[in-house]
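Accompanying notes for the structure given below.
Keep in mind that what you see is a predicted model, and the values were worked out from it rather than measured.
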Number of protein chains: 2
Amino acid sequence: MTKIDDVARLAGVSTATVSRALRGLPTVSAATRRRVLAAAEQLDYEVSPSASRLAGGRTGTVAVVVPRITRWFFSTVVEAVEEFLHESGYDLLLYNLGGREQIRQRVLRTANLHKRVDAIMLVATPLRPADLTALASLDLPGVTISSGTRVPNWPCVRIDDVAAARTATRHLLDLGHRRIAHISGDPDDELAFTTHLDRRRGYQEELRAAGMQPDPSLDVESTFTIDGGNQATAELLARGEPPTAIVAACDEMAMGAMTALRDAGLRVPQDVSVVGIDDHDLAGVLGLSTIAQPAAEQGRLAARMLLDPLGAPSLGPIVGQRTPGCDTPVMLPTRLVVRDSTAPPRAH
Amino acid sequence: MTKIDDVARLAGVSTATVSRALRGLPTVSAATRRRVLAAAEQLDYEVSPSASRLAGGRTGTVAVVVPRITRWFFSTVVEAVEEFLHESGYDLLLYNLGGREQIRQRVLRTANLHKRVDAIMLVATPLRPADLTALASLDLPGVTISSGTRVPNWPCVRIDDVAAARTATRHLLDLGHRRIAHISGDPDDELAFTTHLDRRRGYQEELRAAGMQPDPSLDVESTFTIDGGNQATAELLARGEPPTAIVAACDEMAMGAMTALRDAGLRVPQDVSVVGIDDHDLAGVLGLSTIAQPAAEQGRLAARMLLDPLGAPSLGPIVGQRTPGCDTPVMLPTRLVVRDSTAPPRAH
DNA sequence: CTGAAAGCGCTTACAG
DNA sequence: CTGAAAGCGCTTACAG
């Protein structure tokens, strides 16, 4: 392995100068820089990350924490984030919580992340008070995506979940539906995962704006998954007269709903309309009407907001600066995408 | 930040002993170990990864390279691998190639990975000869999942793609189909991504075994995606009399095929049967018959084969030992899952 | 079983 | 703009 001394010797300068030249610091003359770069190139030199980190105190690495990488929203966000990070010279350490509480604790509460990364991105990760304390003591810059708990001084990128659910509900109202059900997730989750709460609120607000009272018997809780949508819908149908339309809190639940309806012999949209939120990769294949949210864009933007104050991974010390005014989440727009799963209710 | 000296002082031993005790090395007396652990606990001590790596030469990190994290197979593999790695004390560095050739080069050909990870996992990553040379000079242990290029001395976990496609084709033959089309991917990819080639071979072999000649006009190439399946099927339909059944090289292509058929006014399975390979999360929702492959299990097994020779991340030097007999890929079984997308052809 | 000392390969004040 | 020297926080022979 060639090391910095080899480069220094070949270029006829000190290792300090090699270090500066290679990192593009401005305090190196053009001629010297050229010589150093040539030497490094010739020797095929790559800096040792461990040594650089130990000496410089920066890791050039970002931790990205997601609940489940297999779900559409999270894999889409991670793909966009990965591209941005690597283009910026950062490595991505992936943490997939996967519902395992012990992993959550190990990642968030121990000093595990400390000394390991320069910054943290939390995607839709609900936090307990103890988690917040742990994160605060880590004293690292970070960003959150989607709802979940806000972390003091960390910016947040998300959509307006209330508005998204309102748009979905309004779409059904506009089509003439009055018996509109809602299926959502995480009933016994005491964590502050607010997405489903916000979306329920939007559903209820829009009904009320139309002069209607939300009917609790048409509002079923389950989990934020295909299976959850399936079960919630089955439960809904078991309760008696089916609704003419369903607002699902996410596309995956909507897909489960479509399956349950099919299994019950009901046609979509002739018997029951279904609208989701997300615009999942497969929404088109299924003809699912939905409220599209820009997942990749949220990832890219959050990555940018995270890295901007950090600068290049190996350029001088980290500026402790926090983005000012990051108390207001950045909200990205959503839009209604009408496909084949929604239609006017049948005439009585 | 508390460091190893603080622990040493509190425990009344040398830093060398702290290091040994904390890593569970056997050459520490039980009493000393207890004292050290208590001190570390009391001080909330966490080893500095950078320092440990620099001094010990191990990174406790594995690079996982996937083509596209947003696709079902890859996110499922990564989820399983992530769990295994973290449970074993390793970090996961994610590289999502995303079709960007320059990224492939940066990841595989430069010494980028060197000094950064202890081992590499390549998931369905095709390699050019130059990539193989670069990997060889990295001299790191590794493992490959799925087909793609074999790397000398690296074990490989996969399914038998030829057999999977044969089973899919036989299923259609058993139902009475004779006009069976095949859609697959990567037509102008000179890389050695062999999955689609193997699956085509299986399709053809099974037809021949049934005494039939594969009809080139029923074999369309596109890309390994939903969109690719859609386009390939549209192309197939444009060629004239539709087939009575389609073998898609993966579920995502099958989903695209279902969309194209629907758009063309053809019903599945009444007019055309469709069978895929994968057992994608959404195959059930779509009623897609398919050949299920164990994605998570391939990930777990590959992670285990990768880590076994490495031992715990901070336990002594890496043993250069390569699993013997790793020249034969480990093949995991697949199985036919019949749903609603396949049925006997209509009587003429 | 334990410790003193060297060394891992860089970066960073500091001085010039 | 550049260099000599200290130091980042561990692990590892080596010696006992």
* To do: Give the C-alpha distance, both sets of side-chain angles, the deciding distance and a yes or no for side chain to side chain contact (heavy atoms under 4.5 Å, CB included) between B:Leu135 and B:Ile120.
  => CA-CA 10 Å; B:Leu135 283 179; B:Ile120 305 175; 4.0 Å; yes
* Asked: Between atom CG in B:Leu22 and atom C1' in D:dG9, what is the gap in whole Å?
  -> 13 Å
* **Which nucleotide in D:dC10, D:dT2, C:dG3 has an atom nearest any side-chain atom of A:Lys115** => D:dC10
* **Atom pair distance, as rounded to whole Å: CG in A:Leu25 and C1' in C:dA13** => 13 Å
* For B:Glu46 and D:dC10, what is the distance between atoms CD and C1' respectively, to the nearest whole Å? -> 14 Å
* **Options C:dC10, D:dG3, D:dT2, nucleotide nearest the side-chain atoms of A:Val13** => D:dG3
* To do: Kindly indicate, with the supporting measurements, whether the criterion side chain to side chain contact (heavy atoms under 4.5 Å, CB included) is fulfilled by B:Val62 and B:Val81.
  => CA-CA 10 Å; B:Val62 172; B:Val81 169; over 6 Å; no
* For the side chain of B:Ala51, starting at C-beta, report the closest nucleotide among D:dC1, D:dG9, C:dC10. => D:dG9
* **Polar side-chain contact B:Arg20-C:dG3 base: donor and acceptor under 3.5 Å** => yes
* Structure fact -> Sorted by position of nearest nucleotide on DNA chain D, 5' first, the leading residue of B:Ala16 and A:Ala55 is A:Ala55
* Asked: Nearest nucleotide by nearest heavy atom, which residue falls closer to the 5' end of DNA chain C, A:Arg53 or B:Leu54?
  -> B:Leu54
* Among D:dC10, C:dC10, C:dC1, which is the nearest nucleotide to the side chain of B:Lys3? -> D:dC10
* Asked: To the nearest angstrom, how far is B:Arg33 atom CZ from C:dT2 atom C1'?
  -> 13 Å
* Hey, does A:Thr27 reach any base, or is it just sugar-phosphate, or nothing, if we go heavy atoms under 4.0 Å? -> base
* Asked: Expressed in angstrom and rounded to an integer, what is the separation of A:Arg9 atom CZ from C:dG9 atom P?
  -> 13 Å
* To do: I would like to know whether B:Leu22 and B:Arg20 meet side chain to side chain contact (heavy atoms under 4.5 Å, CB included); could you show each step before the answer?
  => CA-CA 6 Å; B:Leu22 256 29; B:Arg20 295 190 190 104; over 6 Å; no
* To do: May I ask you to verify if any side-chain N or O of A:Arg35 is less than 4.0 angstrom from the OP1 or OP2 atom of D:dT2?
  => no
* Asked: Considering only heavy atoms from C-beta outward, does the side chain of A:Val7 approach that of A:Arg9 to under 4.5 Å?
  -> no
* To do: Would you please confirm or rule out a distance under 4.0 Å between OP1 or OP2 of D:dC10 and any side-chain N or O of B:Ser19?
  => no
* Report the C-alpha separation of B:Met305 and B:Val157 in whole Å, then their side-chain angles, then the decisive distance to 0.1 Å, and conclude whether the side chain to side chain contact (heavy atoms under 4.5 Å, CB included) test is met. => CA-CA 9 Å; B:Met305 295 176 76; B:Val157 177; 3.7 Å; yes
* Asked: Is D:dA15 paired to anything, Watson-Crick or G-U wobble with both distances less than 3.5 Å, and if yes, which nucleotide?
  -> C:dT2
* Asked: C:dC10 C1' sits how many Å from A:Leu43 CG, rounded?
  -> 16 Å
* **Nearest-nucleotide pick for A:Arg23, side chain only, options being D:dG3, C:dT12, D:dT12** => C:dT12
* Look at the side-chain N and O atoms of B:Ser14 and state whether any lies under 4.0 Å from the OP1 or OP2 oxygen of C:dG3. => yes
* Would you say D:dT11 has OP1 or OP2 under 4.0 Å from some side-chain N or O of B:Ser52? -> yes
* **N or O in side chain of B:Thr17 less than 4.0 angstrom from C:dG3 OP1/OP2** => yes
* Asked: When you check the side-chain N and O atoms of B:Asp118 and B:Thr59, is any donor under 3.5 Å from an acceptor?
  -> yes
* **Atom pair distance, as rounded to whole Å: CG in B:Asp5 and C1' in C:dA4** => 13 Å
* Under 4.0 Å between a side-chain N/O of B:Ser29 and OP1 or OP2 of C:dT2, yes or no? -> yes
* Asked: Which listed nucleotide (D:dT2, C:dC10, D:dG9) is nearest to the side chain of B:Ser48?
  -> D:dG9
* Structure fact -> Atom CD1 of A:Ile4 and atom P of C:dC10 are separated, to the nearest Å, by 5 Å
